[in-house]
Q: 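Provided herewith is a single structure, encoded as structure tokens, for subsequent inquiry.
From a predicted model like this one, the values you see are computed outputs, not experimental measurements. Letters go in sequence order (proteins before strands), and every chain restarts at 1.
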Amino acid sequence: MSNSIKLTLNIWRQANRHAKGRFETYQPKDLSTDMSILEMLDSLNDEMIAAGKEPITFEHDCREGICGTCGIMINGMAHGPDRGTTTCQLYLRRFKDGDTLVLEPWRAKAFPVIKDLLVDRSAFDRIQMAGGYISVNVGNAPEANSILIPKDVALEAFDAAVCIGCGACVAACKNASAMLFVSAKVGHLSLMPQGHPERHDRALNMIAQMDAEGFGSCTNTLECSAACPKEISPKWIQRLNGEYIQAATVTRR
Amino acid sequence: MSWLTRTFTSSVGKKFLAGLTGLGMFLFLIAHVSGNMTLFMKTKVGQDPAFNAYAKKLHDLPGFALAEALILLAFAAHVVLVIWLSYTNRLARGEQRYAEVRSKQDPQNQLALFASKTTLLGGVIILVFLVVHMADFRMARFMDGNLITQAKVVTALQVPWRAFLYAIASLLVGWHLFHGIQSGFRSLGMRHPRYMTYIQKFGVIAAVLIGALFASMPIAIFVGFITK
Ligand code: HEM
Ligand code: SF4
Ligand code: FES
């Protein structure tokens, strides 16, 4: 097979949240350059199951870069070496025959390892629940065009709304800060008229939850944005800083 | 908790204050380095050096003591806040560190990345330097009430280790500001990409100038260009 490739994998194995983890080395058979990183792990797991060994646990769902579950630290880079790419979109053709790949889970106090490469990202859910929504009454959907939104504002908001909550920003940040994620969530809602009524509470509550979860703070190192598969700009963090101070000083509570 | 403590003990609030105090000190440094440039003015025989006249005028300014107190307060707040933030940032990674870490930023960002990773180290060295600096030039005024003079500055900085320490610390202040200025503006919530590029450029130029001008004094004294 002309497109076959041999790789050595150093993969983090950890039995559960409290167990001590360690790296194990694997040399999977029959790898093809057309496989994604996840397909490589599937294939390795098939081999391991056939041999009666414990397969490697990793998270995945859509396999097309939209669900945000598949984050893995690959050779020290969140989602691997390519910009604007999730782990599931990274193919073995990106590597050279004989390369060694180091696969580690996201590492953050707020993202505890559940097993092997799978981490618990429910801290993000709790941040979202603290304010990453707009309140609407149930019933008939309102007429879509009753609130006019300038096209450039809608596009700007969309730039932040594309965040898939993968956590690569936290994983790549030297402070394990969640500011890029939180700023994207606060940012797109605060730009839209529908998000305005809860704007101040949203900024205050989501930051409070972010701090309570044990994420770090931003030192404007900008590694988050380089690691973000959706290439969210760090300008959203600056916007959130301004939004927060504004909320803290003008909110009526 | 009152809104004041809640706001300014949050991560974003602490960063806001760290940025505000940092940029406040940056303004002070501009004034400080500009004034000290009088050391370079040639003194005519029989005349008092321009530096001495500047020192006298400066200390006679109304509100000088208040300004000094404010700078001290900003400094203390900056140090406490950034150490607090750095400590929580370290905890946030968790006990298990990465086996391998690599940057995904563009090559042209790597210098800025390095600067941002070394702010704490640089800051701590600046802190140690400032203890020496205060002992050298501030304590005397505290003890006998006499203003510092060009002669005293030159005598102190002719000592090789001191000249070396002052030059290195000056460059480190520049290095700290190389990251600090743009970071401070970001922490304050300056957001628009339209002016962020100017802030970045301004930050780099200002940092290089501050570092180079401060360092020029101990070097000029050491090589005998500035004399008593
Ligand atoms: C000459 C005195 C100083 C000046 C003018 C200065 C200036 C600044 C500025 C403008 C910032 C950016 C603030 C922000 O990002 O929000 C900053 C950050 C920082 N400073 Fe200072 N600083 C000084 C002294 C110190 C000292 C003594 C320390 C150490 C104890 C220190 C440690 C730090 C740290 C750790 C940061 C955070 C860097 C980051 O957010 O990436 N600084 N400083
Ligand atoms: S901001 Fe980017 S890196 Fe962070 S969670 Fe959203 S998509 Fe992932
Ligand atoms: S599996 Fe859904 S983004 Fe990768």
Q: So B:M196 and A:K235, do their side chains get closer than 4.5 Å, heavy atoms only?
A: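 No; the side chains remain at least 4.5 Å from each other.
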Q: With a 4.5 angstrom heavy-atom cut-off, which part of B:K14 approaches chain A: side chain, backbone, both or neither?
A: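 For B:K14, neither part sits under 4.5 Å from chain A.
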Q: Heavy-atom cut-off 4.5 Å, strictly under: side chain, backbone, both or neither for A:F23 against chain B?
A: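 Side chain only.
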Q: Taking atom CD of B:E100 and atom CG of A:L103, what is their separation to the nearest 0.5 Å?
A: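 So the gap between those two atoms works out to 10.5 Å.
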Q: For a 4.5 angstrom cut-off between non-hydrogen side-chain atoms, does A:M179 reach B:V12?
A: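 Side chain of A:M179 against side chain of B:V12, heavy atoms only: contact under 4.5 Å found.
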Q: Between chain A and each of B:R97, B:M190, B:K104, count heavy-atom pairs under 4.5 Å; write down the option with the most.
A: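 Top count of heavy-atom pairs under 4.5 Å with chain A: B:K104.
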Q: Just checking B:F40: does its CZ atom have more than 12 heavy atoms from other residues, nucleotides or ligands closer to it than 6.0 angstrom?
A: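 Atom CZ in B:F40 is crowded, with more than 12 foreign heavy atoms closer than 6.0 Å.
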Q: Among B:A115, B:G13, B:A99, single out the residue with the greatest number of heavy-atom pairs under 4.5 Å to chain A.
A: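 Top option by heavy-atom pairs under 4.5 Å: B:A99.
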Q: Heavy-atom distance under 4.5 Å to chain B: side chain of A:E104, backbone, both or neither?
A: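 Looking at A:E104, just its side chain touches chain B.
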Q: With a 4.5 Å cut-off on heavy-atom pairs, point out which of A:I237, A:I245, A:N10, A:V102 contacts chain B the most.
A: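 With the most close heavy-atom pairs to chain B, the winner is A:I245.
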Q: Answer with side chain, backbone, both or neither: which region of A:W12 has an atom nearer than 4.5 Å to a non-hydrogen atom of chain B?
A: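 Interface part for A:W12: side chain.
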Q: Evaluate side chain to side chain donor-acceptor pair (under 3.5 Å) for A:D211 paired with B:S10, printing each intermediate quantity in order.
A: CA-CA 7 Å; A:D211 288 350; B:S10 75; 4.6 Å; no
Q: List the steps, then state whether side-chain contact (heavy atoms from CB on, under 4.5 Å) holds for B:Q105 with A:L222.
A: CA-CA 8 Å; B:Q105 291 193 56; A:L222 312 188; 3.9 Å; yes
Q: Can you tell me which portion of B:F16 sits under 4.5 Å from chain A's heavy atoms? Options are side chain, backbone, both or neither.
A: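 For B:F16, the side chain is the part near chain A, not the backbone.
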Q: Heavy-atom distances under 4.5 Å only: say whether A:Y244 touches chain B with side chain, backbone, both or neither.
A: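 Side chain only.
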Q: Verify side chain to side chain donor-acceptor pair (under 3.5 Å) between B:S11 and A:S217, making sure each step is shown before the conclusion.
A: CA-CA 6 Å; B:S11 60; A:S217 65; 6.0 Å; no
Q: Considering only heavy atoms, give the residues of residues 73-95 of chain B separated from chain A by less than 4.5 Å, sorted numerically, with 'none' for an empty result.
A: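 At a heavy-atom separation under 4.5 Å, chain A is reached by B:L85, B:N89, B:L91, B:A92, B:R93, B:G94.
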Q: Can you pull out the residues in residues 19-32 of chain B with any heavy atom less than 4.5 Å from chain A?
A: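 Within residues 19-32 of chain B, near chain A: nothing under 4.5 Å.
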Q: Does any backbone or side-chain atom of B:N109 lie under 4.5 Å from a heavy atom of chain A? Answer side chain, backbone, both or neither.
A: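 Neither part, no heavy atoms under 4.5 Å.
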Q: Counting heavy atoms not belonging to B:F114, are there more than 12 under 6.0 Å from its CZ?
A: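 No, because the 6.0 Å sphere around CZ of B:F114 holds 12 heavy atoms or fewer from other groups.
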Q: I'd like to verify something: which residue of A:K174, A:Q238, A:M210, A:E213 has the highest number of heavy-atom pairs under 4.5 Å with chain B?
A: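 The residue among A:K174, A:Q238, A:M210, A:E213 with the greatest pair count is A:Q238.
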Q: Counting a contact as any heavy-atom pair under 4.5 Å apart, which residues of residues 73-91 of chain A contact chain B?
A: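 Residues of residues 73-91 of chain A touching chain B at under 4.5 Å: A:M73, A:N75, A:G76, A:M77, A:A78, A:H79, A:G80, A:P81, A:D82, A:R83.
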Q: Tell me the residues of residues 161-183 of chain B whose non-hydrogen atoms fall below 4.5 Å from those of chain A, in number order.
A: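 The stretch touches chain A at B:H179, B:S183.
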Q: Is any side-chain heavy atom of A:N220 less than 4.5 Å from a side-chain heavy atom of B:S116?
A: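 No, their side chains stay 4.5 Å or more apart.
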Q: With heavy-atom distances below 4.5 Å as the criterion, would you say the side chains of A:T221 and B:L113 are in contact?
A: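 Sidechains of B:L113 and A:T221: in contact.
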Q: To the nearest 0.5 Å, tell me how far A:I207 CD1 sits from B:T7 OG1.
A: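 The CD1 atom of A:I207 sits 11.5 Å away from the OG1 atom of B:T7.
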